[in-house]
Every structure is written in C-alpha cells, then in structure tokens.
Trainee: 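I have a structure I would like to understand better, so I am pasting it below and will then ask my questions one at a time.
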Amino acid sequence: TLSAYYDKRNASEDYMYAAQLNKINYPTGETVEFTYEPNNYSTLIKLNVETGAFEQETYTSPITGGGLRIKKIEYKDGGTVKSEKSYTYSKGILGQEIKYYWPNYVGTTYGYNKKEYSTYTSDRFISENLLPGCGGLDYTISYPKVEEKVTGAGITEFYYSNHITNPDENFIETIDNNKSISSPFSSKDFERGQLQRKIYKNENGKIIKKERYTYCKNNNITKEYIPA
C-alpha cells in the first residue's frame with residue numbers, strides 16, 4: 001500500500017559501504033585505515049501538519065539512517081598498529097522525515113481576482129519528497145556529543161549544537177494565499193553542527209581541561225527576515 005511505501009525507502013546498510021575510502025598507502029610503508037558504521041538516530045523531528053509545530057518523536061531502539069560515520073582510524077607502519085582513534089556517538093537526531101504519501105490533503109484554488117476560491121481534498125503520492133522546498137541539509141542526522149579516544153593520549157569529548165538546541169522555524173503569518181502548513185520554513189541548519197564545548201580527559205577518564213566556544217550572530221541573517 002502507499003502508506004507502507006516509506007518502509008521500502010528506508011536506508012539499507014548492505015549498500016552503504018560502496019565507494020568509501022578505506023585505506024591510504026604512503027611511499028614510506030605507512031598506512032591509514034578507516035572503519036565506518038551506519039548513522040543512526042533515536043529522535044525524529046516531525047512536522048505536525050495540523051498545527052505546524054515541530055515535535056520530537058523518540059524511539060527505544062536506534063533506527064538506521066542514511067550514510068556512514070567514522071568509527072575507527074588506524075595508523076600503521078609495516079602492518080603494525082602504531083596509533084588508533086576510535087569514535088563513539090550520542091543518540092542521533094534526524095532533522096525531518098521525508099513525506100511521500102499525503103492522504104486527505106486539503107488544498108485551495110483561487111479565481112482570477114483571488115477573491116473567489118474553493119477547497120479540494122486529494123490523496124497525494126510522489127516518489128520524491130512531498131514537502132516542497134525542504135530537503136538537503138534539513139534531513140541530516142545531528143549528534144549532540146561525539147567522543148574521540150586516542151591510544152595513549154586520552155579522550156576528547158565534543159559537544160555540538162543540533163536539531164533540538166537550534167530547531168527550524170515555521171512561518172508565523174503570510175501574504176501567500178496558497179501557503180500551507182507544508183510550505184518551506186526557515187531552516188536553521190547554518191546554526192547546527194557548531195562546536196560548543198570540548199572536554200579533555202586522560203585515559204582514566206579524569207578531566208584535564210575544558211573549553212567553551214561562543215559565536216557572534218550575523219544580524220543581517222538573524223534579524224532582517226520575516227518567517228512568512
């Protein structure tokens with residue numbers, strides 16, 4: 001059925017590893033090897049088509065998302081591992097769910113003078129996203145925390161802005177007569193993925209140093225626009 005079409009388009013780990021960079025060979029005999037794992041998420045940011053609000057939907061078990069993330073980097077000399085970096089990730093957040101099927105979609109048509117109008121109801125389906133103008137970076141998975149462990153050098157924790165700390169913004173009012181709750185919204189993707197904090201620990205987990213990062217907003221971007 002059309003309502004089950006989304007399940008057929010879910011990410012498949014079987015095909016993710018194609019054409020990935022797995023190894024770099026240097027003339028000195030040293031190599032760098034990369035190990036990957038699929039992205040996953042435990043929180044989905046959903047757009048409520050009735051109210052226009054962004055809501056969080058959480059899952060008890062992680063769901064495989066699109067693409068890969070780095071799991072381990074090995075530095076070798078003559079086949080012997082000299083150093084290793086491993087990465088662990090907090091629970092991922094998917095920015096938005098792609099919509100292929102929209103049953104009982106209510107639309108509006110207007111006459112030539114835009115004063116006469118009528119509404120209609122239809123079931124919409126397309127193999128591309130039905131949310132117009134939304135896509136690309138809005139469907140990425142963000143991780144609030146990433147931990148890097150380096151052999152003999154301890155642990156570094158990285159904290160980033162994400163889909164929860166910097167959510168997208170839907171329109172408030174509009175002069176567009178055909179505006180719908182599914183129309184493009186103001187993406188805050190440029191505010192996400194920014195490093196907020198760094199915590200350095202030794203191999204025993206003892207904190208050595210903390211760093212905090214602050215950013216200045218561009219007023220031309222953050223103030224001189226109307227979410228309409």
Side-chain angles (χ1 to χ4, degrees), residues 6-45 56-98 135-166 189-213:
Y6 182 83
D7 295 334
K8 300 180 184 297
R9 296 291 297 271
N10 281 338
S12 174
E13 185 177 353
D14 296 338
Y15 302 99
M16 289 184 184
Y17 297 92
Q20 296 297 320
L21 176 64
N22 296 314
K23 187 176 182 180
I24 299 175
N25 295 298
Y26 292 98
T28 57
E30 297 174 319
T31 62
V32 181
E33 298 182 12
F34 304 92
T35 302
Y36 303 93
E37 62 184 3
N39 284 298
N40 63 55
Y41 60 94
S42 299
T43 300
L44 169 65
I45 306 299
Q56 297 179 31
E57 184 172 290
T58 57
Y59 308 99
T60 54
S61 298
I63 297 176
T64 300
L68 299 170
R69 64 192 186 192
I70 193 70
K71 180 180 180 181
K72 183 171 62 176
I73 304 176
E74 294 178 297
Y75 301 86
K76 297 182 178 180
D77 187 359
T80 302
V81 177
K82 295 298 183 180
S83 179
E84 178 181 305
K85 293 181 180 179
S86 59
Y87 298 85
T88 56
Y89 300 80
S90 63
K91 294 180 179 180
I93 307 165
L94 180 62
Q96 188 183 163
E97 184 179 54
I98 293 177
L137 296 175
D138 294 313
Y139 294 99
T140 56
I141 295 175
S142 60
Y143 296 101
K145 175 185 173 184
V146 179
E147 182 179 282
E148 178 189 66
K149 185 176 182 180
V150 182
T151 303
I155 302 167
T156 305
E157 295 177 354
F158 302 85
Y159 295 83
Y160 299 95
S161 56
N162 52 76
H163 286 90
I164 292 179
T165 60
N166 298 77
D189 180 76
F190 65 94
E191 295 182 358
R192 295 190 286 266
Q194 294 179 334
L195 182 61
Q196 305 292 309
R197 290 185 294 143
K198 255 187 186 183
I199 298 178
Y200 299 87
K201 298 180 178 180
N202 62 22
E203 291 187 285
N204 296 322
K206 183 179 179 180
I207 296 176
I208 301 173
K209 185 175 68 171
K210 294 181 180 181
E211 294 177 354
R212 184 176 294 274
Y213 298 81

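Worth saying up front: this structure is predicted, and the values here are computed from it rather than measured.
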Trainee: Once side chain to side chain contact (heavy atoms under 4.5 Å, CB included) is applied, do any residues pair with S142, and if so which ones, sequence neighbours excluded?
Mentor: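 Listed in chain order: I93, N162, H163.
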
Trainee: Answer yes or no: is there a side-chain heavy-atom contact under 4.5 Å between Y143 and T88?
Mentor: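 Y143 vs T88: side chains apart.
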
Trainee: Can you see which heavy atom on M16 is nearest to which on P38, and at what distance?
Mentor: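 Heavy atoms of M16 and P38 come nearest at SD-CB, 3.7 Å.
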
Trainee: Looking at side-chain heavy atoms only, is the closest gap between I63 and L44 below 4.5 Å?
Mentor: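 No - every pair of side-chain heavy atoms lies 4.5 Å or more apart.
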
Trainee: Working to the nearest 0.5 angstrom, can you tell me the gap between S86 OG and E147 CD?
Mentor: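 With rounding to 0.5 Å, OG (S86) is 8.0 Å from CD (E147).
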
Trainee: Which residues pass the salt bridge (charged side-chain N to carboxylate O under 4.0 Å, His left out) test with R69, not counting sequence neighbours?
Mentor: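 In terms of salt bridge (charged side-chain N to carboxylate O under 4.0 Å, His left out), with neighbours along the sequence ignored, R69 is linked to E37.
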
Trainee: Quick check: do T43 and K91 have side-chain heavy atoms less than 4.5 Å from each other?
Mentor: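 Of all side-chain heavy-atom pairs linking K91 with T43, none is under 4.5 Å.
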
Trainee: Return the OG1 to CG distance between T35 and N22, rounded to the nearest 0.5 Å.
Mentor: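 With rounding to 0.5 Å, OG1 (T35) is 8.0 Å from CG (N22).
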
Trainee: Output every pair passing side-chain hydrogen bond (donor to acceptor under 3.5 Å, both in side chains) with a member in residues 70-80, not counting sequence neighbours, ordered by first then second residue.
Mentor: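 Checked against side-chain hydrogen bond (donor to acceptor under 3.5 Å, both in side chains) - neighbours excluded - the pairs reaching residues 70-80 are E33-K76.
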
Trainee: Do you know the tightest heavy-atom contact between Y41 and T64?
Mentor: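 Looking at all heavy atoms of both residues, the shortest contact is CE2-O, 4.1 Å.
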
Trainee: Taking ring-ring contact (aromatic ring centres under 6.0 Å, His included) as the definition, give me every residue that meets it alongside Y160, ordered by chain and number, with sequence neighbours left out.
Mentor: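 Testing Y160 for ring-ring contact (aromatic ring centres under 6.0 Å, His included), a comparison that skips the adjacent residues, returns none.
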
Trainee: Mind checking what makes ring-ring contact (aromatic ring centres under 6.0 Å, His included) contact with Y159, not counting sequence neighbours?
Mentor: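 Per chain and number, Y159 pairs via ring-ring contact (aromatic ring centres under 6.0 Å, His included) with no residue.
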
Trainee: How close do K210 and I199 get, counting heavy atoms only, and between which atoms?
Mentor: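 Closest approach of K210 to I199: CG-CG1, 4.2 Å.
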
Trainee: For D14, what residues pass the side chain to side chain contact (heavy atoms under 4.5 Å, CB included) criterion, not counting sequence neighbours?
Mentor: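 By the side chain to side chain contact (heavy atoms under 4.5 Å, CB included) rule, D14 matches S12.
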
Trainee: Specify the closest pair of heavy atoms between G92 and I141, including all atoms of both residues, with the distance to one decimal.
Mentor: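 Nearest pair, atom of G92 first, then I141: CA-CG2, 4.0 Å.
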
Trainee: Please assess D189 against T140 for the test side chain to side chain contact (heavy atoms under 4.5 Å, CB included), listing each intermediate value before the final yes or no.
Mentor: CA-CA 9 Å; D189 180 76; T140 56; 4.3 Å; yes

Trainee: Establish, from distance only, whether the side-chain atoms of Y89 and N39 form a donor-acceptor pair under 3.5 Å.
Mentor: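 Judged by distance alone, the side chains do not pair up.
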
Trainee: Enumerate the residue pairs fulfilling ring-ring contact (aromatic ring centres under 6.0 Å, His included) with a member in residues 10-32, sequence neighbours excluded, ordered by first and then second residue.
Mentor: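 Every candidate ring-ring contact (aromatic ring centres under 6.0 Å, His included) pair involving residues 10-32 fails, so no pair, neighbours aside, qualifies.
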
Trainee: Specify the closest pair of heavy atoms between G65 and A11, including all atoms of both residues, with the distance to one decimal.
Mentor: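 Looking at all heavy atoms of both residues, the shortest contact is O-CB, 3.3 Å.
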
Trainee: May I ask you to decide if G193's main-chain N or O and S161's side chain share a donor-acceptor pair within less than 3.5 Å?
Mentor: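 Side chain of S161 to backbone of G193, a donor-acceptor pair under 3.5 Å: yes, one is there.
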
Trainee: Just checking, is any N or O donor in the side chain of Y87 or E148 under 3.5 Å from an acceptor N or O on the other one?
Mentor: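 Yes, side-chain donor-acceptor contact under 3.5 Å.
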
Trainee: Can you sort out the partners of E203 under side-chain hydrogen bond (donor to acceptor under 3.5 Å, both in side chains), two or more places apart, ordered by chain and number?
Mentor: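 E203: no side-chain hydrogen bond (donor to acceptor under 3.5 Å, both in side chains) contacts found.
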
Trainee: Applying side chain to side chain contact (heavy atoms under 4.5 Å, CB included), can you list everything that pairs with N204, at least two apart in sequence or on another chain?
Mentor: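 Residues passing side chain to side chain contact (heavy atoms under 4.5 Å, CB included) with N204: N202.
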
Trainee: Does Q196 use its side chain to pair, donor to acceptor, with the backbone of Q194 at less than 3.5 Å?
Mentor: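 Side chain of Q196 to backbone of Q194: a pair is present.
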
Trainee: With sequence neighbours excluded, what pairs up with K209 under the side chain to side chain contact (heavy atoms under 4.5 Å, CB included) test?
Mentor: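 Counting only residues at least two positions away or on another chain, K209 forms a side chain to side chain contact (heavy atoms under 4.5 Å, CB included) with Y200, E211.
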
Trainee: Among residues at least two apart in sequence or on other chains, which ones pass salt bridge (charged side-chain N to carboxylate O under 4.0 Å, His left out) with K201?
Mentor: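 Listed in chain order: E157.
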
Trainee: For K23 and F34, which heavy atoms make the closest approach, and how far apart are they?
Mentor: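 It is N-CD1, 4.2 Å.
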
Trainee: Checking E57 now: which residues fulfil salt bridge (charged side-chain N to carboxylate O under 4.0 Å, His left out) with it, not counting sequence neighbours?
Mentor: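 Residues passing salt bridge (charged side-chain N to carboxylate O under 4.0 Å, His left out) with E57: K46.
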
